[in-house]
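Working notes, structure below.
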Amino acid sequence: MKMRMLLVAAAAILYSSSSLLMAEADGKWLARVPDEDKARVNPLAGQAKAAAAGKIIFEENCARCHGVDANGLHNRPSLRSERVRHATDGQLAWMLRNGNPYKGMPPWNSLPEQQRWQVITYLRTLPPAGAAGGKP
Ligand code: HEC
């Protein structure tokens with residue numbers, strides 16, 4: 001019986017330390033984006049065709065972590081948050097190129113740059129988290 005309680009306690013500690021490793025997204029990456037990257041402009045901004053292409057790229061590459069609705073899944077952040085909405089296109093482009101592997105966000109430099117801009121164009125079409133069309 002005692003042994004069992006010890007095991008339960010050990011499992012709880014393991015669980016909480018692994019969730020510490022997967023700490024909640026805190027936006028610290030934003031401070032690492034150089035000014036010239038931050039100022040970059042999305043050449044495809046507002047283009048419906050680019051957004052449609054970006055949606056497909058999103059579903060293939062991003063939805064498994066950020067959710068099909070982009071509201072975030074298991075500790076992976078929503079991409080409809082205030083933070084993402086307020087980030088510049090250039091900041092998002094930097095995050096897509098470099099990722100933050102230490103915190104579980106892969107770099108997407110294997111996607112052509114054009115496709116990264118398409119995903120960003122798509123993200124800009126999403127309503128804010130919690131708005132109509134958000135998580136049911
Ligand atoms: C393997 C899981 C995974 C996949 C796949 C993934 N991401 Fe992420 N993403 C993360 C995690 C974890 C973070 C939090 C990183 C941090 O806090 O620095 C994150 C952070 C982000 C952020 C910053 C959000 C914020 O609130 O700070 C953006 C933007 C983003 N991802 C876009 C994308 C896009 C677009 C794709 C697809 C091309 C994608 N991600 C694919 C795991 C993933």
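All residue numbers refer to positions in the sequence shown, counting from 1. Every number for a ligand or one of its atoms is a count from 1 in the order of the listing.
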- For residues 32-71, pull every pair meeting ring pair (Phe, Tyr, Trp, His ring centres under 6.0 Å), keeping only residues two or more places apart or in separate chains. F58-Y122

- Working to the nearest 0.5 Å, report the span between CH2 of W29 and CD of Q91. 5.5 Å

- Task: Give the single entry among P107, P77, G27 that approaches atom 20 (C) of ligand 1 most closely by any heavy atom.
- Result: P77

- Message: Counting only nitrogen or oxygen atoms and a 3.5 angstrom limit, does S78 reach ligand 1?
- Response: no

- Among Y102, F58, Y122, W29, closest by heavy atom to atom 23 (C) of ligand 1 is W29

- Any N/O/S atom, backbone or side chain, of H66 lying under 2.8 Å from atom 8 (Fe) of ligand 1? yes

- Query: Against heavy atoms of V119, which atoms of ligand 1 measure under 4.0 Å?
  - Reply: 35 (C)

- Task: Identify which one of L44, L111, L92 satisfies the side chain to side chain contact (heavy atoms under 4.5 Å, CB included) criterion when paired with R116.
- Result: L111

- Message: List ligand 1 atoms under 4.0 Å from R83, heavy atoms only on the residue side.
- Response: 25 (C), 26 (O), 27 (O)

- Task: Just jot down the ligand 1 atoms closer than 4.0 angstrom to any heavy atom of L92, in number order.
- Result: 29 (C)

- Atoms of ligand 1 less than 4.0 Å from L96 heavy atoms? 32 (C), 33 (C), 34 (C), 35 (C)

- Considering only heavy atoms of N100, which atoms of ligand 1 have at least one such atom less than 4.0 Å away? 16 (C), 18 (O)

- Item | Per-residue contact class, R116 against ligand 1 - non-hydrogen pairs under 4.0 Å | neither

- Task: Decide yes or no for D69 and R80: does some side-chain heavy atom of the first lie under 4.5 Å from some side-chain heavy atom of the second?
- Result: yes

- Message: With a heavy-atom distance limit of 4.0 Å, tell me whether R76 approaches ligand 1 through its side chain, its backbone, both, or neither.
- Response: side chain

- Look at D37 together with R97 and state whether they make a salt bridge at an N to O cut-off of under 4.0 Å. yes

- Message: As an exercise, state the distance from CE of M95 to CH2 of W108, rounded to the nearest 0.5 Å.
- Response: 12.0 Å

- Task: To the nearest 0.5 Å, tell me how far C62 SG sits from I57 CD1.
- Result: 8.5 Å

- Message: With a cut-off of 2.8 Å, does M95 put an N/O/S atom close enough to atom 8 (Fe) of ligand 1?
- Response: no

- Task: Please state which part of A87 comes within less than 4.0 Å of ligand 1, counting heavy atoms only: side chain, backbone, both or neither.
- Result: neither

- Task: Answer yes or no: is there an ion pair linking K55 with E59, defined by an N-O contact shorter than 4.0 Å?
- Result: yes

- Message: Considering A25, P101, C62 one by one, which has a heavy atom nearer to atom 34 (C) of ligand 1 than any of the others?
- Response: C62

- Message: Under the rule for side-chain hydrogen bond (donor to acceptor under 3.5 Å, both in side chains), what residues qualify as partners of N42, not counting sequence neighbours?
- Response: T121

- For ligand 1, does V84 get within less than 4.0 Å through its side chain, its backbone, both, or neither, judged by non-hydrogen atoms? side chain

- dist D89:CG -> R40:CZ (nearest 0.5 Å) comes out at 10.5 Å

- Backbone or side-chain N or O of N61 under 3.5 Å from ligand 1 N or O: no

- Message: Heavy atoms only: which of I120, I57, L79 lies closest to atom 22 (C) of ligand 1?
- Response: L79

- At their closest point, which heavy atom of P107 faces which heavy atom of N98, and how far apart are they? CB-O, 3.4 Å

